[in-house]
Amino acid sequence: MTRRLSIRAALAASAAVLACFASGVFAQAQNTLVWGTSQAPRHLNPAVQSGIATMMPGAQIFASPLRFDDKWNPQPYLAESWSFQDDGLSLLLKLVPNATFHDGRPVTSEDVAFSIMTIKANHPFSSMLAAVDRVDTPDPRIAVIRMKQPHPAILYALSPPLCPILPKHVYGDGIDPKNHPKNNAPVGSGPYKFVEFKPGEHIILEKNPNFFIKGRPHFDRVIFRIFKDSNALLLALERREVHYVPFWSDLASLDALAKKPGLLITDKGGEAIGPINWLAFNTKRKPFDDARVRQAVSFAVDREFITRKLHAGRTKVATGPIAPGSPFYTGAVETYKVNLERANKLLDDAGLRKGANAMRFAAAVDFLPGNNEQQKNVAEYLKAQLKKIGVDLTVRSSPDFPTWAKRVGGHDFDMTMDSVFNWGDPVIGVHRTYLSSNIRQGVIWSNTQSYSNPKVDDLLARAGVERNLDKRKALYGEFQKIVVAEAPIAFINLLPYYQVYDKSLKNLPTTIWGAAAPIDEMRRE
Amino acid sequence: MGFVGWILRRLAWAAGLLLSVAVLNFSLMHMAPGDIVQTIVGEMGGASEETMAQLTKAYGLDRGFLDQLWIYVSRVAQGDLGYSYYFNRPVLGLILDRVPATVLLVFTALAVAIIAGTFLGVMSARYPASWLGALVTITALFGFSAPVFWSGLMLLLLFASVIPILPASGMYDVAQGATGIAYALDVAHHLVLPALTLAIIYLALYSRLARASMIEVLGSDYVRTARAKGLSENKVVFKHALRNAVLPVVTVAGLQFSAMLAGAVLVETVFTWPGMGQLAFESILRRDNQLILGILLLSAVLVIIGNLLTDLAYRFVDPRIRTDG
């Protein structure tokens, strides 16, 4: 290239760049919602996968038999009505007449039966539909779920994030649903239909013009943009390259966000997800096999300090295994208000005397990598705090999830920080942590604490099949009291779920499933 | 040995290098605790032992190490980069989706660094005692010592928040969905910050290099001869001295091409630039071995191509090297 040519090229390039500057922020189409998230889904089929990364787009693409309001009451969705029969052994669903899949085929009871059995066979929450024996389809609009035992949790199991109705004519072709190619290009009957999925980058959905609820949804397109860096997400939101971010997890930036003009923040919605940040003990390892040692650690933790200082006042103290939003929650349990004297006495009683260096014993704490605010920082706080009661704690970090999962799933830990979710009914997300039948080698989020108490097993078994709400509440109340007292887990705090959004957005999803439910009513004004 | 022999020898080396890259990386990945099954099960929200065993078997992770290695290497030899179990897609497609973004970013940054670096270096060599010389030295020092993620975040704050003239993230505006020239402009608009961030470090280095070698070359006999002929200073500097002065820059740029690919990982993360670096980073965290190995192999190929281009550039810049073979 001659010099003159290169100068000309340089001038042309700068002119092009200047043209970009001049045009400034590109005008965005009014009816597009850009939904920002730090959660990258592996695929888009919630029938075979849990986690809000898949549920958020999944609930827009697929419709479910029921949905819930913000008070835990079931509402019609694909099922216009439902009723229990045969002493709670059958649940009859009557489908709406006008629902179609995005490819134009009608939604029938065959699809409902196929979906429920697919979820039962493939979804990680095996207790969710374990009681279901089969689904009868006496009529294209009638599906009857037949159960082996009463299963009140079935209603929550039919929620948008847990029960996507799959088209049998697409997913019923014999390919393993876990690896089905259509998981990357799903066909559902929800308010928005699939257009494009670039893993780790974005998901584009567009309005389903034939959505069975007339007059909805309100955006022409919904674009999920995936951000790996929370600063970038924050900037994008500030510049309105992104309009809506539910499940905002970076608490330190919330105060700054709250001051930005035109942005609003709400902590409403998502109670059913019930995420609890906790410290779990390996009750098979000495000295944590002694409940007094676990209680001592729990008494040494200043939860107020964690929520107020480490989490900038944006989280709440957790008191037990069931999140407070749930109808089955009780606060009538031991609260473990910080008490170092009592902690020291418990350790003395357990025979763990202070040695020469003022230490009683050494232990290690693991933490779930990825969320420093909730996990690593709390683990490091524990190290400093437990020193006060003579526990020489080492923080053992894992570089990534597989490392942590291998250690904790393999029961190779003393104690670990973890975040575990309730997922609606306790049968779905709570039982798994405490049932002695769920002590499994190599399985993460099973009873990795190796906690075993026949009384608790019995309470949970009875609560799972109890149809009377008050009796069920009482059973879970007793369960919470025992588990908190025996402390296989020290409950630390509740993970808050904030939705950050542009002020022009109305009707945000504030039901118990938050943004893991359809946003068919959300609009821009 | 002529040009063809030279090329062939380079290719044979490249093949050997690629094989060792594959074997070494495969062994390293194998040593890391945990595997893709844990990741997938973790993201699913848990699974039974049966499901985990089934996945382990399906992904061939229950075989012995040498067995797995042999299967992998022989597949790669046939041009099959394997399958990403995480994304449930072939590795090649996933990588090819991401290569253009990284290549665009790295080459733009490289071009900016070489051209601007050389120019600044030459200018400060011509006026060594001036404010320009001092400015280049200070900028070089600063640019070279600032970590790329820090300078990236600062540029981001400055040009996307304080003076919001540049987009904060991504490679193009998905919501706008532009095509043709509008799309190219959109990408260029998004490219400014990441490319600048990546270029800054190298720009600093190259300007120092160019300055030093220019000062040396300007002191040599043939330059004095050129001046004695009565040539203008511009002609002396740009026509006669520059070719020799730019050689060290080309050498270092070639050597650092791989470092630049590595730097791209950070830049891509800060700017949500959908390139290979970001994909590699995430795949390592997920133990998506075949995808990581594919990316590393392709990066090795890119580095080999980069070195080949450097050698070719030598031959172009300094004809004396052509005879070496």
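Proteins get letters first, then strands, A, B, ... in listed order; numbering begins at 1 in each. Bear in mind the structure is a predicted one, so any value in this text is a computation, not a measurement.
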**Student:** For each of A:Trp423, A:Trp404, A:Phe227, tally heavy-atom pairs with chain B at distances under 4.5 Å, and name the one with the top tally.
**Tutor:**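 Heavy-atom pairs under 4.5 Å are most numerous for A:Phe227.
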
**Student:** Would you say the side chain of A:Arg225 lies within less than 4.5 Å of the side chain of B:Ser169, judging by non-hydrogen atoms?
**Tutor:**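 Yes, close enough: below the 4.5 Å cut-off.
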
**Student:** Where does B:Ala47 contact chain A at under 4.5 Å (heavy atoms): side chain, backbone, both or neither?
**Tutor:**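 Backbone of B:Ala47 only, per the 4.5 Å heavy-atom cut-off to chain A.
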
**Student:** B:Asn88, B:Thr272, B:Leu156, B:Leu153: which one forms the most heavy-atom pairs within less than 4.5 Å of chain A?
**Tutor:**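 Greatest number of close heavy-atom pairs with chain A: B:Asn88.
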
**Student:** Identify which part of B:Phe159 has an atom lying under 4.5 Å from any heavy atom of chain A, answering side chain, backbone, both or neither.
**Tutor:**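 Interface part for B:Phe159: backbone (N, CA, C, O).
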
**Student:** For the OH atom of B:Tyr83 and the CG atom of A:Asn179, what is their distance to the nearest 0.5 Å?
**Tutor:**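 One finds 7.0 Å between OH of B:Tyr83 and CG of A:Asn179.
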
**Student:** Among A:Lys198, A:Glu201, A:His202, which one satisfies side-chain contact (heavy atoms from CB on, under 4.5 Å) with B:Pro274?
**Tutor:**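 So, applying the side-chain contact (heavy atoms from CB on, under 4.5 Å) to B:Pro274 and each of A:Lys198, A:Glu201, A:His202, only A:Glu201 qualifies.
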
**Student:** Please look at A:Thr403 and chain B and tell me whether the side chain, the backbone, both or neither of the residue comes under 4.5 angstrom of a heavy atom of that chain.
**Tutor:**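 A:Thr403 touches chain B through backbone and side-chain heavy atoms alike.
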
**Student:** Side chain, backbone, both or neither: which part of A:Asn231 has a non-hydrogen atom closer than 4.5 Å to chain B?
**Tutor:**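 Side chain only.
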
**Student:** For B:Val174, which atoms come within 4.5 Å of any heavy atom of chain A: side chain, backbone, both, or neither?
**Tutor:**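 Both backbone and side chain of B:Val174 come within 4.5 Å of chain A.
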
**Student:** Is it the side chain or the backbone of B:Ser48 that comes within 4.5 Å of chain A heavy atoms, both, or neither?
**Tutor:**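 The answer is both parts of B:Ser48.
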
**Student:** Quick check on A:His180 against chain B: is it the side chain, the backbone, both or neither that has a heavy atom closer than 4.5 Å?
**Tutor:**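 When you check distances to chain B, only backbone atoms of A:His180 fall under 4.5 Å.
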
**Student:** Run the side chain to side chain contact (heavy atoms under 4.5 Å, CB included) test on A:Lys406 and B:Val37 for me, step by step, so that the C-alpha distance in whole Å, both residues' side-chain angles and the decisive distance to 0.1 Å come before the verdict.
**Tutor:** CA-CA 10 Å; A:Lys406 188 93 184 163; B:Val37 174; over 6 Å; no

**Student:** So does B:Leu166 get a backbone contact from the side chain of A:Arg239, meaning a donor-acceptor N/O pair under 3.5 Å?
**Tutor:**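 Checked: pair present.
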
**Student:** Let me know if B:Phe271 has heavy atoms under 4.5 Å from chain A in its side chain, its backbone, both or neither.
**Tutor:**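 Neither part.
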
**Student:** Using a cut-off of under 4.5 Å on heavy-atom pairs, state which of B:Glu43, B:Gln278, B:Glu268, B:Met52 scores highest against chain A.
**Tutor:**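 Max contact count across the listed options: B:Glu43.
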
**Student:** Side chain from CB out, backbone as N, CA, C, O: work out which of these in A:Asn183 comes under 4.5 Å of a heavy atom of chain B, or both, or neither.
**Tutor:**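 For A:Asn183, neither part sits under 4.5 Å from chain B.
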
